[in-house]
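Worksheet for the structure shown next.
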Amino acid sequence: MKNLLFVYLLLISLFVLYVYHYQANELTTQEWSKNELQGNMDETYVMVTFQVGIDYWKRALKGFEDAAGALNVSVEYRGAREYDVNEEITVLEQVIAKNPAGIAISTMDPEALSSVIDKAVEADIPLVMFDSDAPESKAYTFLGTNNYHAGEEAAHKMAALVNEKGKIGVITQPHQLNHQERTQGFQDTIFMEYPEMEVVSIKDGRGDQSESKLVAHDMITEFPDLVGVFATEANGGVGVGLASLTNNLEDSLKIISFDTDKGTLDMIQDGVISATLAQGTWEMGYWSLQFLFHLQHKIVEEEDAETPLPRYVDTGITIVTQKNVDSYYPQ
């Protein structure tokens with residue numbers, strides 16, 4: 001009888017333990033579900049750029065939208081239609097007035113935009129920079145390419161293309177910080193590591209194909225023995241390519257561009273542009289929204305409220321040539 005009673009007690013104890021563990025697992029699952037990173041569709045995050053609609057911004061916007069889908073929030077895309085800093089300031093002022101959940105912005109002129117960027121942060125609107133920074137502003141972080149390093153990589157690639165000899169030109173946008181850094185990295189590397197190469201001309205292409213073609217033509221006329229041109233953005237690269245074709249220089253003038261718009265990729269396939277540097281633009285958009293969401297929901301380190309995010313995140317570069325260009329066309 002005692003043995004039978006012991007068996008009953010053992011079975012009851014095992015049943016109680018089973019029920020306890022089942023309820024504990026259910027509670028853990030419920031707590032995890034409640035803590036998933038999910039917002040609501042009333043939260044609107046805004047991406048602001050200049051030259052709205054050009055191919056370059058499409059992958060960054062796709063990353064922004066993909067993050068919005070993962071977090072169940074809404075996004076808008078706004079910006080200046082032209083390369084016009086006053087228009088971008090006006091657009092940013094309009095976005096701030098609507099008090100969005102967060103703003104990701106790329107600026108063409110860090111000095112001109114900094115005070116408006118600060119205005120957003122002081123109004124408790126989370127704001128991050130991407131692609132082109134405004135380092136003196138109060139923006140929480142910058143996600144983008146290490147542009148000085150990208151310039152170094154472009155210089156090494158150019159040196160390999162021209163056998164480390166000859167005169168080189170640069171087409172850039174001299175008022176934009178990321179282009180200043182690319183140009184400086186390129187110039188410094190040529191000067192320090194390739195004594196038989198020289199950067200003889202730097203011109204402003206204004207981010208426009210026609211203007212870049214015009215200044216590249218002037219450069220070719222002034223330096224008929226030019227062997228290479230580094231364009232620090234995509235429209236400039238295509239403009240230099242058009243100037244090369246007009247002057248029948250596609251076999252002798254080496255061109256390195258930036259980014260992977262269709263015009264640039266087509267010119268690489270045709271051998272007009274020798275190489276381009278692909279940035280992690282999808283990553284810029286995706287992680288910009290993730291960071292904004294974390295700031296909006298205060299999922300950050302509260303002990304360091306002034307710098308809750310890393311000040312800089314490098315999203316990397318890849319050199320694209322005829323060997324790997326096919327993989328950069330949209331699928």
Side-chain angles (χ1 to χ4, degrees), residues 44-52 56-57 60-61 63-64 67 75-80 82-150 172-184 207 232-233 279-281 283-296 298 300-302 304-315:
T44 301
Y45 296 83
V46 184
M47 173 177 280
V48 178
T49 71
F50 46 91
Q51 294 175 299
V52 166
Y56 175 68
W57 301 118
L61 181 59
F64 205 63
V75 296
E76 288 182 6
Y77 177 40
R78 299 285 308 280
E82 306 294 338
Y83 192 71
D84 182 338
V85 67
N86 292 319
E87 187 183 358
E88 188 175 25
I89 289 171
T90 299
V91 170
L92 183 55
E93 294 270 17
Q94 292 170 344
V95 170
I96 293 169
K98 291 185 176 180
N99 192 32
I103 301 170
I105 180 170
S106 180
T107 173
M108 72 181 78
D109 187 330
E111 292 184 5
L113 266 291
S114 284
S115 62
V116 191
I117 290 168
D118 291 351
K119 182 178 177 180
V121 175
E122 288 161 3
D124 291 329
I125 299 173
L127 186 146
V128 301
M129 307 298 303
F130 74 98
D131 185 62
S132 182
D133 196 8
E136 301 302 320
S137 74
K138 295 180 180 178
Y140 286 96
T141 189
F142 168 63
L143 304 98
T145 303
N146 182 331
N147 288 296
Y148 186 90
H149 173 66
T172 186
Q173 292 173 248
H175 304 295
Q176 197 170 313
L177 181 62
N178 52 350
H179 294 271
Q180 294 169 2
E181 293 170 342
R182 291 168 195 170
T183 301
Q184 196 63 54
T232 64
E233 56 84 34
Q279 301 186 76
T281 47
E283 288 82 357
M284 294 179 199
Y286 185 86
W287 292 108
S288 286
L289 185 48
Q290 288 282 353
F291 278 2
L292 291 173
F293 183 92
H294 279 66
L295 288 167
Q296 175 61 235
K298 303 189 187 308
V300 292
E301 178 56 70
E302 294 184 356
D304 193 0
E306 292 186 358
T307 56
L309 298 175
R311 181 61 189 87
Y312 167 60
V313 177
D314 183 3
T315 46

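Nothing fancy with the numbering, it's 1 onward along the sequence.
Contacts classified as salt bridge (charged side-chain N to carboxylate O under 4.0 Å, His left out) and involving residues 106-120 (residues at least two apart or in different chains) are given here: E93-K119. Each side-chain hydrogen bond (donor to acceptor under 3.5 Å, both in side chains) pair with one or both residues in residues 94-105, not counting sequence neighbours, appears once here: R78-Q94.
The shortest distance between side-chain heavy atoms of D133 and N178 does not fall below 4.5 Å. Here the side chains of F130 and T281 are not in contact, with every heavy-atom distance at 4.5 Å or above. Under the 4.5 Å side-chain criterion, counting only non-hydrogen atoms from C-beta, S106 is in contact with F50. By the 4.5 Å heavy-atom criterion applied to side chains, V121 and Y140 are counted as neighbours. In this structure the side chain of S137 never reaches within 4.5 angstrom of the side chain of L113, judged on heavy atoms.
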After noting the C-alpha distance and the side-chain angles of F64 and L292, does the key distance pass the side-chain contact (heavy atoms from CB on, under 4.5 Å) rule? CA-CA 11 Å; F64 205 63; L292 291 173; 4.3 Å; yes
Go through the steps to decide whether W287 and V313 satisfy the test side-chain contact (heavy atoms from CB on, under 4.5 Å), and finish with yes or no. CA-CA 9 Å; W287 292 108; V313 177; over 6 Å; no
Step-by-step side-chain contact (heavy atoms from CB on, under 4.5 Å) determination, M47 to L61: CA-CA 8 Å; M47 173 177 280; L61 181 59; 4.1 Å; yes
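Taking both residues in full, the closest heavy atoms of A80 and V91 are given as N-CG2, 4.2 Å, listed atom of the first, atom of the second, then distance. The minimum heavy-atom distance between I117 and M129, with the atom names listed, is CD1-SD, 3.7 Å. Closest approach of L127 and A120 over heavy atoms only: CD1-CB, 3.8 Å. What you find for V48 and G79 is that their closest heavy atoms are CG1-CA, 4.4 Å. Across all non-hydrogen atoms, the minimal contact from T107 to P110 is OG1-N, 3.9 Å. Looking at every heavy atom in both residues, D131 comes nearest to Q279 through OD1-OE1, 3.7 Å.
How far NE2 of H149 is from CG of D314: 7.5 Å, rounded to the nearest 0.5 Å. Atoms CG and CD1, on L92 and I105 in that order, are 4.5 Å from each other to the nearest 0.5 Å. Considering OG of S132 and CD of E181, their distance stands at 8.0 Å, rounded to 0.5 Å. To the nearest 0.5 Å, atoms CG (L295) and CD1 (I125) are separated by 12.5 Å. With rounding to the nearest 0.5 Å, the separation of CD in Q290 from CD in E283 is 12.5 Å.
Between the side chains of Q173 and Y83, at least one donor N or O lies within less than 3.5 Å of an accepting N or O.
One N or O on the side chain of Y312 and one on the backbone of N146 form a donor-acceptor pair closer than 3.5 Å. Between the side chain of N147 and the backbone N or O of T145 there is at least one donor-acceptor pair closer than 3.5 Å. When atom types are taken as modelled, the side chain of Q296 and the backbone of A101 share a donor-acceptor pair closer than 3.5 angstrom. Counting only distance, with no hydrogens or angles, the side chain of T141 and the backbone of P310 share a donor-acceptor pair below 3.5 Å. Although no hydrogens or angles enter the test, the distance criterion places a donor-acceptor pair under 3.5 Å between the side chain of H179 and the main chain of T232.
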